[in-house]
Novice: 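I have a structure I would like to understand better, so I am pasting it below and will then ask my questions one at a time.
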Amino acid sequence: MTIWLSWSSGKDCAWALHRLRQQGRAVSALFTTLNAAADRVAMHGVRRELLEAQARAAGLPLHIIPLPWPCSNAQYEQIMADFLKQAQSAGVTHMAFGDLFLQDIRAYREKNLADTGIEPLFPVWGQPTDQLAREMLLAGVSARLTSVDLAKLEPSFAGRNYDAALLADLPGSVDPCGENGEFHTFVTDGPMFEGPVNVEAGEIVMRDGFAFADLLTRG
């Protein structure tokens, strides 16, 4: 079993890594798409160097898939098809994802892998997200909100720690794990890491209906 894990930099994929290791399933590598023009994770706004710091903390190699900006759906699908061929050549048998309950996203991933010989894994699928959020915090997961959807949250949430106080402040309409896109996170510590990734929140930028916290390396 050779497993590569889809890595967005957020808490859900990090918890998926932890779950797989608990199950005795070793992850061989992480992979993530990057906006090539900005050199950042698109929806999270996370810098490449912070992704690389996370990969070092997890003790895993990181495969970065650069995407042009703007990127059409046809371009995206061709780039990902080429990446899957590379993964096949490398002997990958499974790809894991940190999806929680969005059935259309899961179906899309399953469809893309259907004819590749690579099987999808969803190690955190289906657990109630209020329960999952508490479980992650109790296990020592630390994270920062990197972006928030301004239609659902105030800009003051950008850059905040993902902790019990934040969960208490979330409106009832917002999923505790942000699975509907209400917010995105960057994991700084947890049982999946050998040590913390120290960051601080820099400038808060409003763009395209989102507030982004520009996380910077600290110390």
Side-chain angles (χ1 to χ4, degrees), residues 2-18 20-21 25-99 105 108-109 112-113 116 118-124 143-147 181 184-190 192-199 202 205 207-208 210 212-218:
T2 300
I3 303 171
W4 286 7
L5 171 65
S6 178
W7 188 263
S8 68
S9 80
K11 59 182 174 35
D12 300 333
C13 62
W15 195 247
L17 174 58
H18 178 57
L20 288 166
R21 286 172 168 172
R25 297 178 170 187
V27 173
S28 301
L30 310 175
F31 66 93
T32 190
T33 57
L34 213 64
N35 177 325
D39 210 29
R40 296 175 185 248
V41 181
M43 285 308 301
H44 294 238
V46 170
R47 297 169 180 261
R48 176 196 288 260
E49 57 263 33
L50 293 182
L51 280 173
E52 292 170 343
Q54 285 182 321
R56 288 193 297 271
L60 292 170
L62 173 67
H63 298 283
I64 288 179
I65 308 162
L67 299 176
W69 182 259
C71 183
S72 69
N73 189 58
Q75 285 176 302
Y76 174 81
E77 292 193 348
Q78 183 58 58
I79 290 168
M80 294 307 296
D82 291 343
F83 174 70
L84 288 176
K85 289 177 184 176
Q86 294 172 21
Q88 285 175 297
S89 298
V92 174
T93 60
H94 294 76
M95 284 187 169
F97 303 91
D99 301 303
I105 300 296
Y108 179 76
R109 302 198 196 283
N112 286 344
L113 292 176
T116 65
I118 298 172
E119 295 183 30
L121 297 173
F122 299 92
V124 293
R144 291 280 197 114
L145 269 63
T146 60
S147 68
H184 296 284
T185 60
F186 175 86
V187 169
T188 57
D189 205 0
M192 68 294 299
F193 285 172
E194 297 171 0
V197 178
N198 295 315
V199 301
V205 177
R207 186 176 67 252
D208 301 328
F210 290 83
F212 294 89
D214 187 15
L215 299 184
L216 306 169
T217 302
R218 187 185 69 208

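All figures in this text were calculated on a predicted structure; none of them were measured in a lab.
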Novice: So which heavy atom on L5 is nearest to which on A96, and how close?
Specialist: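 So the two residues come closest at CD1-O, 3.3 Å.
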Novice: Does a side-chain heavy-atom distance below 4.5 Å link R144 with V199?
Specialist: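 Yes, their side chains come closer than 4.5 Å.
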Novice: Is a donor on one side and an acceptor on the other found under 3.5 Å between the side chain of T146 and the backbone of H44?
Specialist: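 Side chain of T146 to backbone of H44, a donor-acceptor pair under 3.5 Å: yes, one is there.
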Novice: Going through the distances and angles, do I64 and R48 end up as a side chain to side chain contact (heavy atoms under 4.5 Å, CB included)?
Specialist: CA-CA 9 Å; I64 288 179; R48 176 196 288 260; 3.3 Å; yes
Novice: Taking the side chain as every heavy atom from C-beta outward, state whether T217 and L50 have any pair of such atoms under 4.5 Å apart.
Specialist: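 Side-chain contact under 4.5 Å: yes.
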Novice: Compare every heavy atom of R207 with every heavy atom of F212, then report the nearest pair and how far apart it is.
Specialist: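 Result for this residue pair: CE1-NH2, 3.6 Å.
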Novice: Do the non-hydrogen side-chain atoms of L67 and Y76 ever get within less than 4.5 Å of each other?
Specialist: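 Contact flag for L67/Y76 side chains = yes.
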Novice: Begin with the C-alpha distance, continue with both residues' side-chain angles, and end with the deciding distance and a verdict on side-chain hydrogen bond (donor to acceptor under 3.5 Å, both in side chains) for Q86 and D82.
Specialist: CA-CA 6 Å; Q86 294 172 21; D82 291 343; over 6 Å; no
Novice: Is there side-chain contact between F83 and F31, with heavy atoms separated by less than 4.5 Å?
Specialist: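 With C-beta onward as the side chain, the pair touches.
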Novice: Decide yes or no for H184 and S8: does some side-chain heavy atom of the first lie under 4.5 Å from some side-chain heavy atom of the second?
Specialist: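 SC-SC contact between H184 and S8 ruled out.
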Novice: Might you point out which heavy atoms bring A36 and P66 nearest each other, and give the distance in Å?
Specialist: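 It is CB-CB, 4.1 Å.
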Novice: Can you sort out the partners of D189 under side chain to side chain donor-acceptor pair (under 3.5 Å), two or more places apart, ordered by chain and number?
Specialist: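 Not a single residue meets the side chain to side chain donor-acceptor pair (under 3.5 Å) criterion with D189.
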Novice: Hey, is the main chain of N198 close enough, under 3.5 Å, to the side chain of T188 for a donor-acceptor pair?
Specialist: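 Not a single qualifying donor-acceptor pair exists.
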Novice: Do the side chain of S6 and the main chain of F97 share a donor and acceptor less than 3.5 angstrom apart?
Specialist: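 Absent.
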Novice: Between Q54 and V187, does the side chain to side chain contact (heavy atoms under 4.5 Å, CB included) criterion hold? Intermediate values first, please.
Specialist: CA-CA 8 Å; Q54 285 182 321; V187 169; 4.0 Å; yes
Novice: So R56 and V197, side chain to side chain contact (heavy atoms under 4.5 Å, CB included) or not? Walk me through it.
Specialist: CA-CA 9 Å; R56 288 193 297 271; V197 178; over 6 Å; no
Novice: I'd like to know if the side chain of E119 reaches the main chain of T93, judged simply by a donor and an acceptor atom lying under 3.5 Å from each other, with no hydrogens or angles considered.
Specialist: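 Between the backbone of T93 and the side chain of E119 there is no qualifying donor-acceptor contact (under 3.5 Å).
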Novice: Among L51, V46, D214, exactly one meets side chain to side chain contact (heavy atoms under 4.5 Å, CB included) together with R40. Which residue is that?
Specialist: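 Passing option: D214.
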Novice: Begin with the C-alpha distance, continue with both residues' side-chain angles, and end with the deciding distance and a verdict on side chain to side chain contact (heavy atoms under 4.5 Å, CB included) for L17 and M192.
Specialist: CA-CA 7 Å; L17 174 58; M192 68 294 299; 3.9 Å; yes
Novice: Side chains of R47 and D39: closer than 4.5 Å at any heavy-atom pair?
Specialist: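 The answer is no, as the side chains (C-beta and beyond) never meet within the 4.5 Å cut-off.
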Novice: Evaluate the side-chain proximity of I65 to T32: yes if any heavy-atom separation is below 4.5 Å, no if none is.
Specialist: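 No, every pair of side-chain atoms sits at 4.5 Å or beyond.
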Novice: Please name the pair of heavy atoms, one in Q75 and one in P70, separated by the smallest distance, quoted to 0.1 Å.
Specialist: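 Reported closest heavy-atom pair: OE1-O, 3.8 Å.
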